[in-house]
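Notes to accompany the following structure.
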Amino acid sequence: MIEILNPTLLARAKASGALVADILHTLKGRTTVGTNLLDIDRWAEKMIAEAGAQSCYVDYAPSFGRGPFGHYICTAVNDAVLHGLPHDYALADGDLLTLDLAVSKGGVAADAAISFVVGDTRPPESIALIETTERALAAGIAAAGPGARIGDLSHAIGTVLREAGYPINTEFGGHGIGSTMHQDPHVPNTGRPGRGYKLRPGLLLALEPWVMADTSQLVTDADGWTLRSATGCRTAHSEHTIAITDDGAEILTLPTRTQP
């Protein structure tokens, strides 16, 4: 299903997007060496409830996971890249952490992810991974607008990832979003320009470049959810929800807060 939002629903999407971004911003500010992933999950649960919103994850049970997910945020560390199930782990200095969050408020969902290094140690490989996904996300957003096609966005994202030397996996990628978290169209992280669905004002898309340092192969953790790099290499993931407008693309998941 592909949804086109009217102005009323688009306003609700903007509120959901701001909430997602502000929660991620706050969680990043609170996360330090020694923070437990389960604490991050509890903080997310509390903030979602306080905002009168609903988690898109806690009851989520797709065919690719051992559902329901049962938690409020995805926490992926180092070689984990997607669907990281929070568990009893205290973060160490230099860990690369990805937080992926989707919530619904007023009947419209928004989805975003950030990757960052915990503590004072700054492994160059980790920084390069993160910065590449951020550049790829920016390129995908820049390619979006009325009349553009999904392949244009995918091509822009894939060009950045490929030029940085990273293998690209197309099993999971961006997606449409609206009254539910995952909708058509699928937005692969590489593609051919001029192909695929033509974008229209009112369409919401979650774009999410993610990479693994030296492989395109994923393995599923014993928890039935967490996806890791097959080689144990580090990974990164960046995501925004955008709205297609008459003038281009509006990022809905930018934080409104300047402090945690």
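Scope of the values below: all heavy atoms of this structure, side chains included, with no hydrogens, waters or symmetry mates. Predicted model, so just to flag it, every value in this text is computed and none were measured.
- R30 and T35 are not linked by any side-chain donor-acceptor pair at a separation below 3.5 angstrom, with hydrogens and angles left out of the test.
- Counting heavy atoms from C-beta on, the side chains of Y89 and N36 never come closer than 4.5 Å.
- In this structure, V108 and L5 have side chains that are in contact, with non-hydrogen atoms separated by less than 4.5 Å.
- Contact check for Y166 versus R162: no side-chain heavy atoms found under the 4.5 Å cut-off.
- Side-chain contact check for Y60 versus H182: some heavy-atom pair is nearer than 4.5 Å.
- Side-chain contact annotation: H175 with E208, donor-acceptor N/O pair under 3.5 Å present.
- Of the possible polar contacts, one joining the W225 side chain to the R66 backbone as a donor-acceptor pair under 3.5 Å is found.
- Using a 3.5 Å distance cut-off with no hydrogens or angles, the side chains of E3 and S179 do pair a donor with an acceptor.
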* Asked: For I2 and Q183, what are the C-alpha separation, side-chain angles and deciding distance, and is it a side-chain contact (heavy atoms from CB on, under 4.5 Å)?
  -> CA-CA 6 Å; I2 296 177; Q183 298 181 355; over 6 Å; no
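- No hydrogens or angles considered: nothing links the side chains of D111 and T241 as a donor-acceptor pair under 3.5 Å.
- The existence of a salt bridge linking R149 and D152 is excluded, since no basic side-chain nitrogen approaches an acidic carboxylate oxygen closer than 4.0 Å.
- Listed by chain and number, the hydrophobic cluster partners of V160 come to none, as no ILVMFWY side chain reaches under 4.5 Å of it.
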* **Intermediate values then yes/no, side-chain contact (heavy atoms from CB on, under 4.5 Å), I251 and I141** => CA-CA 8 Å; I251 303 173; I141 294 169; 3.8 Å; yes
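- No donor-acceptor contact under 3.5 angstrom links the side chains of H83 and D100, judged on distance only.
- V20 and V103 make their closest contact through CG2-CG2, 3.4 Å (heavy atoms, listed as atom of the first residue, atom of the second, distance).
- Using modelled atom types, no side-chain atom of K198 and backbone atom of A148 make a donor-acceptor pair closer than 3.5 Å.
- With hydrogens and angles ignored, the 3.5 Å screen pairs no side-chain donor or acceptor of T75 with any backbone N or O of L99.
- Note on residues 245-256: pairs passing salt bridge (Lys or Arg N to Asp or Glu O under 4.0 Å), not counting sequence neighbours, are K14-E250.
- Remark: side-chain polar atoms of S16 are not paired, donor with acceptor, to backbone N or O of A109 under 3.5 angstrom.
- Annotation: side chain of T235 is not in contact with side chain of V211 (no heavy-atom distance under 4.5 Å).
- Side-chain contact annotation: S115 with H237, donor-acceptor N/O pair under 3.5 Å absent.
- Using modelled atom types, no side-chain atom of D221 and backbone atom of T226 make a donor-acceptor pair closer than 3.5 Å.
- Counting heavy atoms from C-beta on, the side chains of V77 and L91 come closer than 4.5 Å.
- Between I48 and L101, some side-chain heavy-atom pair lies under the 4.5 Å cut-off.
- Contact of the L97 side chain with the L37 side chain is registered, since non-hydrogen atoms from C-beta on lie closer than 4.5 Å.
- Between the side chains of D79 and S229, not a single donor N or O lies within less than 3.5 Å of an accepting N or O.
- Judged purely by atom type and a 3.5 angstrom limit, R195 has no side-chain atom pairing as donor or acceptor with the backbone of G151.
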